[in-house]
There are 2 protein chains.
Amino acid sequence: MLTTRKTNRRQLILDEAAKLFKQKGFGGTSMRDLAREVGMEAASMYNHIKSKDEILDLICTRIAHTYISQLAEIELTDASYAEKVKALIRLHIRLMIEDGAAVSVANHDWKYLPEPQLTAFKDARKNYEKGFAALIEQGIAAGEFQPVNVSVALFTILSAVRWVELWYRPGRELSAEELEDHIITMLLTGLAK
Amino acid sequence: MLTTRKTNRRQLILDEAAKLFKQKGFGGTSMRDLAREVGMEAASMYNHIKSKDEILDLICTRIAHTYISQLAEIELTDASYAEKVKALIRLHIRLMIEDGAAVSVANHDWKYLPEPQLTAFKDARKNYEKGFAALIEQGIAAGEFQPVNVSVALFTILSAVRWVELWYRPGRELSAEELEDHIITMLLTGLAK
DNA sequence: GTCTATAGTGAGATAGAC
DNA sequence: GTCTATCTCACTATAGAC
C-alpha cells in the first residue's frame with residue numbers, strides 16, 4: 001500500500017537520523033549525511049519530513065511520551081514502592097537497550113529543539129521527574145527506603161541508567177536481564193560491604 | 001602557578017565559550033555569539049585563539065588532565081580502597097561545582113573534537129576509567145566492597161556525579177559537602193532499607 | 001517521489017586599515 | 001589588538017523537470 005510505504009520511508013529516515021545524531025550529534029549531522037545513509041538525495045527527504053528540526057522533535061517527543069506512559073502504568077499497579085522503583089529502573093534500561101539511539105538523542109540533543117518544542121520537552125521531563133520523585137518519597141514514608149535526599153536518589157538513578165547505552169553491546173558478557181539485576185543491586189544495596 | 005588559570009583575554013574567551021557551549025551546545029554556538037559575550041568582534045578573537053575547534057580542545061584537554069592528575073594523586077595515598085573511591089567521588093563533585101561549564105563541555109561536546117584530538121581525548125578517558133575500575137576491583141578483592149560487577153559499579157558512580165552540574169545551584173538547600181555526603185551514602189549503602 | 005540545480009543563509013576564518 | 005569588510009564554504013530548504 002502506498003500509505004504504508006510512505007510511513008516506512010519516513011520511519012527509516014527517523015531511525016537513521018537517531019543513529020547519526022547519536023554518533024555525531026545533531027549539529028554534526030548534515031541532511032546530506034542522513035540522505036546518504038537513507039539511500040536518497042537530501043532534497044527527496046523533504047517529501048517525508050518537513051525539516052531537520054522536525055526530525056529531532058519527532059524523536060524527542062516519542063521518547064518523552066514513552067517514559068511518561070510507562071510511569072503512568074506503573075503508578076496504577078498496587079506493587080510496593082520498592083517494586084515500582086525497580087520496575088521503572090528496568091524499563092529505563094530496557095528502553096535504552098531496545099531504542100538506544102533515540103533515547104540518546106532525547107538525552108543529549110534536546111537542547112537544539114526550537115521553541116515551543118523545547119519548552120514542551122522540558123516540561124514533560126520535569127513532570128516525569130516529579131512523578132518518579134513522588135514514588136521515592138512515598139517509599140521513604142512507607143519505611144521501604146532509607147531517608148535519603150529524594151533529589152539525590154532520583155538523579156542518581158536516572159543518570160545511572162544513562163551509561164547503559166554507551167556501554168551495552170548485545171552479546172556482551174551480560175544479558176539485558178543480568179545487567180538490570182546488577183544495576184538494581186548497586187542502586188538499592190550499594191557498593192560497600 | 002600551575003593550578004591558577006590566568007585571567008587574561010584568552011582565558012576570558014575560553015570561560016565564556018564553556019558557558020555558551022554548555023548552554024547551547026558546541027554546534028549551537030557561533031563565534032559571533034561568543035564574541036558578543038566576550039565584548040569584542042568575532043574577528044578580534046582570532047588574535048587570542050586559533051580556531052573554534054581549538055577552544056573546544058583546550059577546554060576538553062584541561063578537564064581530562066585534571067581528572068587524570070587527581071586520580072594519580074589519590075592512587076599514591078595509602079588510604080583504604082573505600083576511602084580512595086570516596087575521595088574520587090568527592091573530587092568529581094567538587095570539580096563539577098567549581099568548574100561546571102567546562103566539565104559539562106568535556107562530557108557532552110567532546111564528540112565534536114577533530115582528529116587527532118578526538119582520539120587523544122577518548123584514550124585519556126579510557127585510561128582514567130581503567131584506573132578507577134582498578135580501585136574498585138582491588139577494593140572487592142580486599143573485601144571492602146561487595147562483589148559487584150566492576151563496570152556496572154564504575155559507570156554508576158561516574159554517571160551519578162554528572163547530574164550534579166545540572167541540578168546544583170550555589171545557595172541551594174544543600175551545601176557542596178552535604179551533597180557529597182548524600183551521594184556517597186546513596187552509592188555506598190544504597191537506597192533500600 | 002525522486003532527481004538536479006540552486007536559492008538563501010549563516011558559519012568560520014582572513015585581510016588590511018588604524 | 002581591534003576593527004570593518006569580505007572571502008569561502010557548507011548547510012537547510014525550495015523550485016521545477018521528469
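Reminder, nothing fancy here: chain letters follow the sequence lines and each chain counts from 1.
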For residues 78-91 of chain B, pull every pair meeting side chain to side chain donor-acceptor pair (under 3.5 Å), keeping only residues two or more places apart or in separate chains.
Ser80(B)-Glu83(B), Arg90(B)-Glu180(B), Arg90(B)-Asp181(B)
Within 45° of the ring axis of Trp110(B) and under 6.0 Å from its six-membered ring centre, is that where the NZ or CZ of Arg125(B) lies?
yes
Cation over ring, Lys52(A) on Phe26(A), under 6.0 Å and within 45°?
yes
Write down the distance between CG (Leu20(B)) and P (dA11(C)), rounded to a whole number of angstrom.
13 Å
Separation of dA11(C) atom P from Leu56(B) atom CG, nearest Å, is 17 Å
Check Asp33(B) with Arg36(B), please: is the shortest side-chain N to carboxylate O separation under 4.0 Å?
yes
In B/S/- notation (B base, S sugar-phosphate only, - none; protein heavy atoms under 4.0 Å), nucleotides 3-16 of chain D written 5' to 3' is BBBB----BBBB--
Flag the pair Leu135(A) / Phe145(A) as yes when at least one side-chain heavy-atom distance between them is below 4.5 Å, and no otherwise.
no
